[in-house]
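To start, the structure under review is shown below, and the notes come after it.
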Number of protein chains: 2
Amino acid sequence: MTAQARGLHARVLDSLGPAITAGAYPPGSVLRTDELAQRFEVSRSVMREVVRVLESMHLVASRRRVGVTVRPTEEWNVYDPQVIRWRLAGADRPRQLRSLTVLRSAVEPVAAGLAARNATAEQCAALTECALGMVATSRGRRLEEYLVHDIAFHRVVLDASGNEMFARLGDVVAEILAGRTHHDVMFEDPDPAAVTLHVRVAEAVREGDADRAEALTREIAEGALRELDILAPPPSAR
Amino acid sequence: MTAQARGLHARVLDSLGPAITAGAYPPGSVLRTDELAQRFEVSRSVMREVVRVLESMHLVASRRRVGVTVRPTEEWNVYDPQVIRWRLAGADRPRQLRSLTVLRSAVEPVAAGLAARNATAEQCAALTECALGMVATSRGRRLEEYLVHDIAFHRVVLDASGNEMFARLGDVVAEILAGRTHHDVMFEDPDPAAVTLHVRVAEAVREGDADRAEALTREIAEGALRELDILAPPPSAR
DNA sequence: CTTACTCAAAAAGTCAGACTTTTACAGCAC
DNA sequence: GTGCTGTAAAAGTCTGACTTTTTGAGTAAG
């Protein structure tokens, strides 16, 4: 499935990166470039390039005479899409999913409000189309088709906000939504209330009603959080 | 000022990276590793490692027989701290600052709400201390001291939220606040209303009042946005 | 016993050159 | 015009030698 002939560099990175984010080498562990090169059966050049990339992600720090030390989790570049992917594929996927969903719940309402102000006619049309698509596929186990429209909807909102930082969270949202469908609750049809909310958000954006778009999106986000609380309860109560 | 002997790799990266984010090589431009190596007077190994890092930031894409092509802005990893730093140092600093401030205004209120629920006793104490420090240095052109407390305050809130993604925005907020003091309005004392709001946020968090902490932080954020509208007006009205 | 200095080794960092692999493109045949 | 084929350009990979920084052991002085 995953591309095989993507070059040595990419292959080693996709092997070592997830291992580190999964905690196979706990923070403070020391690796040596030469040893790694041997282990992965690649030349030192390739391994050096891999280490440099991991270093740029703040997963490791390379120091002379010491080696390549794994950094503590708090220092990782957790917004790096690659790191996000690695962690979502790993064991602490639930915790990761929670962090990202909370982030999403903070960002999307504000993005929707901005979208109501800034969306172009084309974006409004796209939004309506997505919402209609969601309605059309919301019943009868057409989950894959529904997912496509759902992802597209949220992407358009984030793009239409006109904020670059928001727009770049489109992939994260896509990952979350896809995860929900594929891992968690793929047996039942989407919540009709959520579908309706999407339609109403599209309306609000079209009418330029920022406050309503924000409030409605906040409801969608709260729904996502509630869903998460059921599937993967938070750490604990106070 | 900036470290000089940080290794060739870092020096070339810090030269080429900002050049790209500044638009010196417009998207679609094609560079050749060999040519770059000559231009920067380093070996191909070093330049290859630099290119690999830029590639992991999605600033460029390297393809055989073609070369290293600069990617369009929308594909850059705009959350990479390094990229953020480069862009903030460049010409479109104002636009960048706006994007980040909007992001901040979306995230911090939610983070404060979570902090009210999750903050430890130590974090509450730290928060109060920061707020008091802000009060103490809020008058008499003690802007540098004030800044330290301000940054610390927002860092503690983001950390105390217990959300990893929020916590990692501490550096971004620090950058924004520092930028405000150093570039924009360093002539007058901070807004007394803002200082009071910080004190009240600390209170709310201490008392575990999530809604109030969120609302108060939203006021702080709105203040920051208003300030931004004055200093660097948004694109245009509808 | 502690402190300060020296020095050797370990590991990353750098360089140079040869070779391999992919692939865009030109030129040719149909 | 369409399709094939071959060539060259550029990245990708490997190897080995050399340099630089840095740690920590050993040693001498207090």
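Chain identifiers are assigned alphabetically (A, B, ...) following the order of the sequence lines, protein sequences preceding nucleic acid strands; residue numbering begins at 1 within each chain.
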Problem - Length of the CZ-P vector between B:Arg32 and D:dA8, whole Å - result: 17 Å
Handout entry: Length of the line joining B:Arg11:CZ and C:dT14:C1', which is rounded to integer Å
Key = 12 Å
Handout entry: Proximal nucleotide (of D:dA11, D:dT13, D:dT20) relative to the A:Ser43 side chain
Key = D:dT13
Problem - Value in whole Å for how far the P atom of D:dA9 lies from CD of B:Glu35 - result: 15 Å
Practice task
State plainly whether the residues B:Glu164 and B:Arg168 are in salt-bridge range, i.e. N to O under 4.0 Å.
Solution key: no
Exercise for the section: State the CG-CH2 distance between A:Leu59 and A:Trp86, to the nearest 0.5 angstrom. Expected result: 6.5 Å
Exercise for the section: Send over the distance from A:Asp34 CG to D:dC14 P, rounded to a whole Å. Expected result: 14 Å
Practice task
Check whether the side chains of B:His58 and B:Glu74 place a donor and an acceptor atom closer than 3.5 Å, and report yes or no.
Solution key: no
Handout entry: Given D:dA10, D:dA9, D:dT23, the nucleotide with the shortest approach to the side chain of A:Arg65
Key = D:dT23
Problem - Per A:Ser45 side chain, nearest of listed nucleotides C:dG13, D:dT15, D:dA11 - result: D:dT15
Handout entry: B:Arg52 side-chain N/O to D:dG12 phosphate OP1/OP2 under 4.0 Å
Key = yes
Handout entry: Residue A:Arg63, side-chain atoms from C-beta onward, closest of C:dG13, D:dT23, C:dT22
Key = D:dT23
Problem - Whole angstrom value for the distance that separates P of D:dA11 from CD of B:Glu49 - result: 15 Å
Handout entry: Phosphate OP1/OP2 of D:dA10 contacted by B:Thr33 side-chain N/O (<4.0 Å)
Key = no
Exercise for the section: Name the closest nucleotide to the A:Arg48 side chain, picking from C:dT14, D:dT21, D:dA11. Expected result: C:dT14
Practice task
State which of D:dT13, C:dA12, D:dA11 makes the closest approach to the side chain of B:Arg44.
Solution key: D:dT13
Handout entry: 5' priority, DNA chain D, between A:Glu41 and B:Leu31 [closest heavy atom]
Key = B:Leu31
Problem - Electrostatic pair B:Arg48-A:Glu49, nearest N-O below 4.0 angstrom - result: yes
Problem - Nearest non-hydrogen partners of B:Ser56 and B:Asn77, listed with the distance - result: O-OD1, 3.2 Å
Fill in the blank from the handout: When rounded to whole Å, the CD to P distance for the pair A:Gln38 and D:dC14 reads 13 Å
Practice task
Figure out the CZ/P separation between B:Arg6 and C:dG13, and round it to whole Å.
Solution key: 13 Å
Handout entry: B:Leu8 CG - C:dG13 P separation (whole Å)
Key = 11 Å
